[in-house]
Amino acid sequence: MPPKPKFSKEEVVTAALEIVSEKGIEALTAREVGERLGSSPRPIFTVFKNMEELSYEVKAAAMKRFEEYIGEANGYKPYLKKIGMQMIRFACEEPKLFQLLFMSENKTATCFDDVVNLLGVAADMCLELIHKRFGLDEKDTRNFFEQLWIFTYGISSLCAVGMCKFSEEELSRIMGVQYAAMAALEDEGRLNEPITVPKKNVDKSLV
């Protein structure tokens, strides 16, 4: 008869998630998890086959925490702007988890659609909001989301590595300007047009 698990799966994942949140995925070892639980590493392997399986569950738990941040945007207008703010807030408050989810090498991605598929419910929410707000077809909806996501991801990444910090007011202004600019371009039917810089009165060395 196999030994009775000393800890539940949920307890092991919670401990492992705390370690990754504090120190990063590189610190996730059986020994670290065992010490966090006040035990040896052995009981971990009564509920998980190996560390790879545990790492998978930790990533799923990290995504759930991210989705909780995104869920806080409910009831806020404009909703899409708030989702972007919440993503940046997650990067600021949970930098190691943001790095795990969105700054790890993705060897299987060949286009932006592959990235969208990794974003979970957050991407589905944004795509639905864009479609309803502008009445776009699927292609233009994804194009709008791609541009907004890349902008938000850039700021989030800077925050996650400690290069930038923003107050709630600053985030509201930054995301508000970006969202309003993209919405205005879409309302004018110019979102997909190439942006050209007028050369009049421009230093030619900069063009």
Side-chain angles (χ1 to χ4, degrees), residues 1-76 82-109 114-126 149 152-172 175:
M1 178 180 291
K4 183 179 179 180
K6 186 175 181 180
F7 303 102
S8 68
K9 271 192 171 185
E10 291 74 18
E11 288 173 323
V12 175
V13 171
T14 298
L17 186 65
E18 289 174 356
I19 292 168
V20 175
S21 175
E22 294 168 11
K23 304 178 181 180
I25 191 64
E26 300 82 5
L28 184 61
T29 64
R31 183 174 181 177
E32 281 277 354
V33 177
E35 289 180 357
R36 185 64 59 109
L37 291 167
S39 173
S40 71
R42 187 171 182 179
I44 297 166
F45 300 108
T46 61
V47 289
F48 289 100
K49 295 177 182 178
N50 48 48
M51 289 302 295
E52 183 178 358
E53 185 180 21
L54 175 56
S55 296
Y56 178 85
E57 292 295 332
V58 168
K59 193 168 185 177
M63 178 58 76
K64 184 177 180 181
R65 184 170 294 184
F66 170 69
E67 290 172 351
E68 289 171 356
Y69 271 73
I70 298 301
E72 292 181 26
N74 284 325
Y76 186 96
K82 184 63 173 180
I83 290 176
M85 290 174 62
Q86 286 299 106
M87 178 176 172
I88 298 170
R89 183 172 158 236
F90 177 76
C92 292
E93 297 179 0
E94 292 285 2
K96 297 299 183 182
L97 297 186
F98 182 89
Q99 291 170 32
L100 171 65
L101 293 174
F102 305 118
M103 297 181 70
S104 302
E105 183 180 6
N106 186 353
K107 295 181 179 180
T108 62
D114 294 328
V115 177
V116 172
N117 293 334
L118 299 176
L119 298 179
V121 297
D124 295 334
M125 291 165 60
C126 290
W149 157 261
T152 309
Y153 175 78
I155 297 175
S156 300
S157 298
L158 290 172
C159 294
V161 297
M163 289 190 68
C164 293
K165 289 185 178 180
F166 299 99
S167 67
E168 191 77 6
E169 293 75 18
E170 288 172 322
L171 283 181
S172 180
M175 292 305 301

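This is a predicted model, so every value here is computed, not measured.
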Can you confirm whether Cys159 sits close enough to Phe166 that some side-chain heavy atom of one is under 4.5 Å from a side-chain heavy atom of the other?
yes
What are the two closest non-hydrogen atoms of Gly84 and Thr152, and how far apart are they?
O-CG2, 3.6 Å
Using only atom types and a distance under 3.5 Å, with no angle test, would you say the side chain of Tyr153 pairs donor to acceptor with the backbone of Phe102?
yes
Supply the atom-to-atom distance Leu37 CG to Phe7 CZ, rounded to the nearest 0.5 angstrom.
4.5 Å
Looking at CD of Gln86 and CZ of Phe66, how far apart are the two atoms once the value is rounded to the nearest 0.5 Å?
9.5 Å
Is it true that, when you exclude Tyr56 itself, more than 12 heavy atoms of the residues, nucleotides or ligands shown sit nearer than 6.0 Å to its OH?
no
In terms of heavy-atom contacts, Arg65 and Ser21 come closest through NH1-OG, 4.2 Å
Could you pull out the closest heavy-atom pair between Ile19 and Ala27, with the gap in Å?
CG2-O, 3.8 Å
Does the Ser172 side chain pair with the main chain of Glu168, one donor and one acceptor, at a distance under 3.5 Å?
no
Heavy-atom pair of closest approach, residues Phe90 and Ala62
CZ-O, 4.3 Å
Does the Gln99 side chain pair with the main chain of Gly24, one donor and one acceptor, at a distance under 3.5 Å?
no
Ile155 vs Cys164, side chain to side chain contact (heavy atoms under 4.5 Å, CB included): CA-CA, chis, key distance, verdict:
CA-CA 8 Å; Ile155 297 175; Cys164 293; over 6 Å; no
Flag the pair Leu17 / Leu97 as yes when at least one side-chain heavy-atom distance between them is below 4.5 Å, and no otherwise.
yes
Considering the options Met85, Glu170, Lys82, which one meets the side chain to side chain contact (heavy atoms under 4.5 Å, CB included) requirement together with Met175?
Met85
What is the minimum heavy-atom distance between Ile25 and Val20, and which atoms define it?
N-CG1, 3.8 Å
Rounded distance (nearest 0.5 Å) linking atom CD of Glu94 with atom CD of Glu22:
9.5 Å
Would you call Arg31 and Glu35 a salt bridge, using N to O less than 4.0 angstrom?
yes
Once salt bridge (Lys or Arg N to Asp or Glu O under 4.0 Å) is applied, what residue pairs with a partner in residues 45-62 remain, sequence neighbours excluded?
none
Carefully, step by step, assess Val121 and Ile70 under the rule side chain to side chain contact (heavy atoms under 4.5 Å, CB included).
CA-CA 9 Å; Val121 297; Ile70 298 301; 6.0 Å; no
Evaluate Val161 against Met103 for side chain to side chain contact (heavy atoms under 4.5 Å, CB included), listing each step before the verdict.
CA-CA 10 Å; Val161 297; Met103 297 181 70; 3.8 Å; yes
Could you tell me whether Lys165 and Glu93 have a side-chain N and a carboxylate O separated by less than 4.0 Å?
no
Look up atom CZ in Phe45 and atom CG in Leu54, then write down how far apart they are to the nearest 0.5 Å.
8.0 Å
Assess the residue pair Lys6 and Thr46 against the criterion (side chain to side chain contact (heavy atoms under 4.5 Å, CB included)); give the C-alpha distance rounded to whole Å, side-chain angles, the decisive distance to 0.1 Å, and a yes or no.
CA-CA 8 Å; Lys6 186 175 181 180; Thr46 61; 5.8 Å; no
Using every non-hydrogen atom in the two residues, find where Ala30 and Ile44 come nearest and quote the distance to one decimal.
O-CD1, 3.2 Å
Out of curiosity, Lys23 NZ to Glu18 CD, how far, rounded to the nearest 0.5 Å?
11.0 Å
